[in-house]
Amino acid sequence: MLTITFKDGNNREYEEGISLYQIAQDLSKKLASNAVVALFNDVLTDMNAVITTDGKVEFFTIDDPIALEVYRHTTSHIMAQAVKRLWPETLVAIGPAIDKGFYYDFDSSHTFTPDDFKLIEEEMQKIIKADYPIVRKEYSREEALTYFKNLGEHYKTELIEGLDENAVISLYEQEDFVDLCAGPHLPSTGRVKAYKLMSLAGAYWRGNENNQMLQRIYATSYPKKSALDDYINKLEEAKKRDHRKLGRELGLFVLLEEGPGFPFFLPKGMVIRNELERYWREEHRKAGYDEIRTPIILNQQLWEQSGHWDHYQENMYFTEIDEGSYAVKPMNCPGGMLVYKQNAHSYREFPMRVGEIGLVHRHEKSGVLHGLMRVRAFTQDDAHIFMLPDQVITEIKAVIDLIDIFYRKFGFRYSVELSTKPEKSMGSEEMWNKATDSLAQALNEKGMEYQINPGDGAFYGPKIDYHLKDSLDRTWQCGTIQLDFQMPEKFDLNYIGEDGNKHRPVMIHRVIYGSIERFIGILTEHFAGAFPTWLAPVQAKIIPVSEHYHDYAKTIYEKLFNENIRCELDNRNEKLGYKIRDGQMQKIPYLLIVGAKEEENNSIAVRHRKLGELGSMTGEEFISRISIEIRDRVLTNE
RNA sequence: GCCGAUGUGGCUCAGUGGCAGAGCAGCUGAUUCGUAAUCAGCAGGUCGGCGGUUCAAAUCCGCCCAUCGGCUCCA
């Protein structure tokens, strides 16, 4: 008997000599699963989801990421084959599976348009219908090179040249289409059921903007038509949460042609900004921060001193004042350094935490602007912390905690990256290593999970980056903690130590929201516009049933107004249903309906946007309820 | 910046060479209404901008601007 250990921890016994196919069949019955892929030695055989590596068998359902990846990768080959059939002179580059599907990069004299999608999909259908076996072939490096050279597929030869000298090179063949590929794949093209071409994009070969730009086709595939439909529906739903759409509908902000990348905040958007800032100030006061404000325009000499002139110039805006050269600040730090230098400092003041909610301008390339997520003028909730070297870990950990307090307040899940030394940077290798190690140590001591993001640090130091997701699961960097040994050096910052001598302080830059603009964008999508009451631009709307109750409605309005509740009185000449619909679409937390009944017993009928009708209560009762909700910044009462 | 697509009233969109349209929003009037759209009327556009082709351009061509989806870059 043969004992095989499975991923679920169970051992199962099989006859010696049983084929994996039979094991898969057996599993298929046991699990009553409709998943149908088996992976063995890189070749997917038919049945249940089984992978073996080193004699260990693991099973997967088709919904498992690995199986789905294989499935999509095969779909990607089918798409490439279809494209090569339709436009034979097309060269193929790479075509991996990605999070929500797959893409393939092509170099073709034919310019693809969305009109081609139907044609390509039809050709794919033919390939699927023909159910060509997918065969793995192993070549030596030389054989593989010769093979692709003869085909003129120079992207493939370039890839092979990058592989290890002695590597066995695998090709996967389906009918007349052969692709360089590590595999694995489905056993034949007929296994692919549901797929759809999604969009076109340009993409540089190997992600380098100096290289040839290729045409990328994004597509997706699912084992079932219904799963594909679900995905398409989800995309439609996500579009409804888009902060650009909601920003317009809810009157939060606008972006105009007159100022590309420079958002205008409207009254309702300002309420959210101001509430965020208020909350920020409260928490920072508790955490021992002071607040400053530094100028937006400062002279060239300062930016030369800070290193921005050399390392950041292409992102800066410049201006001239009385024949002197000035720049609009892209970061708050140099101003913060100058403030530090206004006094002599003692080690006794440390850690010294100085915050600044500062407006910065960065010249971003035109093609990267994206609603509030990526703009050219934004407000960073910055702070610089000056400290002794042995306070670093403790301070970083305190910032990690502070960020957690904020993100929890909004119910965010976040992921963390440690970004290391970029190509364009200042300072010695040793300093970088020391700084990077400190950040890693703090993360480890907090037990945080994080990924290394190589080369993505700021030019003056490594950083811990916090990423939040938008409605389409695109991630955006918000919070960041940056350890900086450079600025104190450049600005010759010092403090008097216990020994009476001058020393160099260590500095952290950190933001929590990151950019208030971006944060509002993320918040809008996160809540789908239904902001928690403490943030909601309008917290309650009073709706008289008809004109007869306008006076009574006015008295309620005044009561709420006097309690600083953001409320509106809707005395338009419309029916109740119309006004309720309007209030719901504006995502106002509470609608207060007043009519004959309410006027008679001095009450209001309260309707919550999610909970529906809450019944009748007095104005005082409502005020007490909503005031607690606002005071405690309740995230949800749904 | 690069690749592709798009741009028509405040918003969403029809209109593919021959008189610029609809719905919603707005305004006026009627209605006085009980939990997601009451009825009628009125008003509103240099069709993103500039140039070209044509008897005639929202429509065809060129350049530019902005937006959208990506790439690169980044809070």
Side-chain angles (χ1 to χ4, degrees), chain A residues 103 105 111-116 198-218 239 242 244-245 248-249 251 254-261 312 314-315 330-332 360 362-382 419 422 424 456 458 463 465-468 472 474 476-480 482 509 511-519 521-522 543-550 572-585 591-598 605-609 612-614:
Chain A
Y103 66 79
D105 285 348
T111 303
F112 300 119
T113 71
D115 295 337
D116 295 329
M198 303 300 293
S199 62
L200 289 164
Y204 300 105
W205 167 237
R206 304 200 131 175
N208 185 327
E209 65 180 322
N210 300 315
N211 287 345
Q212 167 82 23
M213 178 156 276
L214 306 170
Q215 297 186 67
R216 175 171 296 179
I217 301 179
Y218 281 96
K239 273 188 200 157
D242 191 309
R244 292 166 296 192
K245 178 177 155 69
R248 189 172 44 241
E249 288 172 358
V254 277
L255 281 154
L256 301 175
E257 207 169 320
E258 288 81 351
Y312 211 73
E314 68 227 32
N315 285 305
M331 295 184 193
N332 298 305
V360 298
R362 296 183 187 176
H363 182 98
E364 301 292 349
K365 290 177 182 173
S366 59
V368 306
L369 302 176
H370 183 103
L372 286 185
M373 304 296 200
R374 190 78 183 273
V375 291
R376 285 176 170 157
F378 59 100
T379 311
Q380 291 186 305
D381 60 317
D382 233 323
S419 297
K424 224 178 159 188
D456 209 38
K463 49 184 192 159
D465 289 329
Y466 285 72
H467 291 260
L468 297 173
L472 287 173
R474 291 176 291 213
W476 297 92
Q477 188 190 314
C478 290
T480 172
Q482 311 181 348
H509 311 247
V511 289
I512 292 181
Y513 295 139
S515 134
I516 293 181
E517 290 74 6
R518 176 178 289 182
F519 202 79
I522 298 271
I543 304 178
V545 172
S546 82
E547 266 171 34
H548 296 134
Y549 316 107
H550 280 190
R572 290 178 297 177
N573 180 12
E574 294 289 351
K575 293 177 88 166
L576 179 59
Y578 178 92
K579 296 189 204 179
I580 286 179
R581 179 181 146 83
D582 193 54
Q584 285 287 111
M585 290 199 306
L591 300 179
L592 311 177
I593 290 95
V594 294
K597 264 185 284 173
E598 286 72 25
V606 178
R607 179 192 164 110
H608 186 265
R609 74 182 162 209
E613 290 181 55
L614 299 181

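Lettering of chains follows the sequences in order, A, B, ..., and the numbering in each one begins at 1.
- Summarising the base pairing, B:rU59 is matched to no nucleotide, lacking a Watson-Crick or G-U wobble pair whose two defining distances lie under 3.5 Å.
- For A:Leu576 and B:rG34, the CG to C1' distance is 5 Å, given to the nearest whole Å.
- In this structure the side chain of A:Arg376 reaches within 4.5 angstrom of the side chain of A:Leu369, judged on heavy atoms.
- Base pairing of B:rG10 is made with B:rC24, judged by Watson-Crick or G-U wobble geometry with both donor-acceptor distances under 3.5 Å.
- Side-chain atoms of A:Tyr204 and A:Arg206 form no donor-acceptor pair, as typed in the model, at a separation below 3.5 Å.
- Using a 4.0 Å heavy-atom distance criterion, A:Ala201 is classed as a base contact.
- A close approach under 4.0 Å does occur between a side-chain nitrogen or oxygen of A:Lys463 and OP1 or OP2 of B:rA75.
- With C1' as the reference atom, B:rA43 and B:rG9 are 11 Å apart, rounded to whole Å.
- Here B:rG29 sits opposite B:rC39 as a Watson-Crick or G-U wobble pair (both hydrogen-bonding atom distances under 3.5 Å).
- One can place CZ of A:Arg572 at 9 Å from P of B:rA25, the figure rounded to the nearest angstrom.
- The minimum heavy-atom distance linking A:Ala605 with A:Glu598 is given by the pair CB-OE2, 3.5 Å.
- Residue-level contact check: A:Val360 touches neither bases nor backbone, having no heavy atom under 4.0 Å from any strand.
- Residue contacts shown for A:Glu517 are absent, as no nucleic acid heavy atom lies under 4.0 Å away.
- Rounded to whole angstrom, the span from the NZ atom of A:Lys575 across to the C1' atom of B:rC33 amounts to 6 Å.
- Rounded to whole angstrom, the span from the CD atom of A:Glu613 across to the P atom of B:rG34 amounts to 13 Å.
- Side-chain contact between A:Ile543 and A:Leu592: absent, with no pair of heavy atoms (C-beta onward) separated by less than 4.5 Å.
- With contacts defined as side-chain heavy-atom distances shorter than 4.5 Å, the pair A:Phe112/A:Leu200 qualifies.
- Within the shown strands, nothing qualifies as a pairing partner of B:rC73 under the Watson-Crick or G-U definition with both distances less than 3.5 Å.
- Among the protein residues, A:Val511 comes within range of no part of the nucleic acid, since none of its heavy atoms lies under 4.0 Å from any strand.
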Extract from the structure each pairing of a protein N or O with an N or O of nucleotides 62-68 of chain B at less than 3.5 Å, listing the distance.
from: B:rC68; atom 1: OP1; to: A:Arg244; atom 2: NH1; distance (Å): 2.9

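- One finds a side-chain N or O of A:Tyr578 lying less than 4.0 angstrom from the OP1 or OP2 phosphate oxygen of B:rA25.
- Comparing the same atom, P, in B:rA37 and in B:rG26 gives a spacing of 16 Å after rounding to whole Å.
- Here A:Asn315 lies out of heavy-atom contact (under 4.0 Å) with every strand.
- Base pairing of B:rC68: its partner is B:rG4, meeting the Watson-Crick or G-U wobble criterion (both donor-acceptor distances under 3.5 Å).
- In this structure, A:Tyr549 does not reach the B:rU32 phosphate: none of its side-chain N or O atoms is under 4.0 Å from OP1 or OP2.
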(request) Apply salt bridge (Lys or Arg N to Asp or Glu O under 4.0 Å) to the pair A:Lys463 and A:Asp456, showing each step before the final yes or no. (result) CA-CA 8 Å; A:Lys463 49 184 192 159; A:Asp456 209 38; 5.1 Å; no
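- Using a 4.0 Å heavy-atom cutoff across all strands shown, A:Tyr218 reaches sugar-phosphate atoms only and no base atom.
- Residue contacts for A:Arg607: at a heavy-atom cut-off of 4.0 Å it reaches a base atom on one of the strands shown.
- Remark: the separation of the C1' atoms in B:rG23 and B:rA56 is 31 Å, to the nearest Å.
- As the counterpart of B:rC19, no nucleotide is assigned, since no Watson-Crick or G-U wobble pattern has both distances under 3.5 Å.
- Contact annotation for A:Arg206: no contact, since no heavy-atom pair falls under 4.0 Å across all strands.
- B:rG62 and B:rU12 are spaced 31 Å apart, taking the C1' atom of each and rounding to whole Å.
- The gap from the C1' atom of B:rG48 to that of B:rG7 amounts to 6 Å, rounded to the nearest Å.
- One donor-acceptor pair, N or O on each side, does fall under 3.5 Å between the base of B:rC73 and the side chain of A:Arg374.
- At a threshold of 4.0 angstrom between heavy atoms, the contacts of A:Gly207 are confined to the sugar-phosphate backbone, with no base atom among them.
- Backbone-only engagement by A:Gly577 is indicated by non-hydrogen atom pairs under 4.0 Å involving sugar-phosphate atoms exclusively.
- Stacking between A:Phe378 and the base of B:rA75 is present: ring centres sit under 5.5 Å apart and the planes differ by under 30 degrees.
- Among the protein residues, A:Gln477 comes within range of the sugar-phosphate backbone only, with heavy atoms under 4.0 Å from sugar or phosphate atoms but none that close to a base.
- The nearest whole Å value for the distance from the CG atom in A:Asp456 to the P atom in B:rU72 is 12 Å.
- Counting to the nearest Å, the P atom of B:rC33 and the NZ atom of A:Lys597 are 14 Å from each other.
- Of the candidates B:rU72, B:rA75, B:rG34, the closest approach to any side-chain atom of A:Glu598 belongs to B:rG34.
- Side chain to side chain, A:Glu517 and A:Thr379 meet the donor-acceptor criterion of an N or O pair below 3.5 Å.
- For A:Gln584, no side-chain nitrogen or oxygen approaches OP1 or OP2 of B:rA36 to under 4.0 Å.
- Spacing of P atoms, B:rA5 relative to B:rC74, comes out at 28 Å, to the nearest Å.
- Remark: the separation of the C1' atoms in B:rU67 and B:rC24 is 23 Å, to the nearest Å.
- Straight-line distance from the CD1 atom of A:Ile593 to the C1' atom of B:rG34: 8 Å, rounded to whole Å.
- For A:Glu574 and B:rC24, the CD to C1' distance is 12 Å, given to the nearest whole Å.
- Contact between the side-chain N/O atoms of A:Arg518 and the OP1/OP2 oxygens of B:rC74 is not found at any separation under 4.0 Å.
- The gap from the C1' atom of B:rU59 to that of B:rA14 amounts to 14 Å, rounded to the nearest Å.
- Across all strands shown, nothing is found opposite B:rG45 as a Watson-Crick or G-U wobble partner with both distances under 3.5 Å.
- One N or O donor and one acceptor, one from the side chain of A:Tyr204 and one from the base of B:rG1, sit under 3.5 Å apart.
- Contact detail for A:Leu591 and A:Ile580: the closest heavy-atom pair is CD1-O, 3.8 Å.
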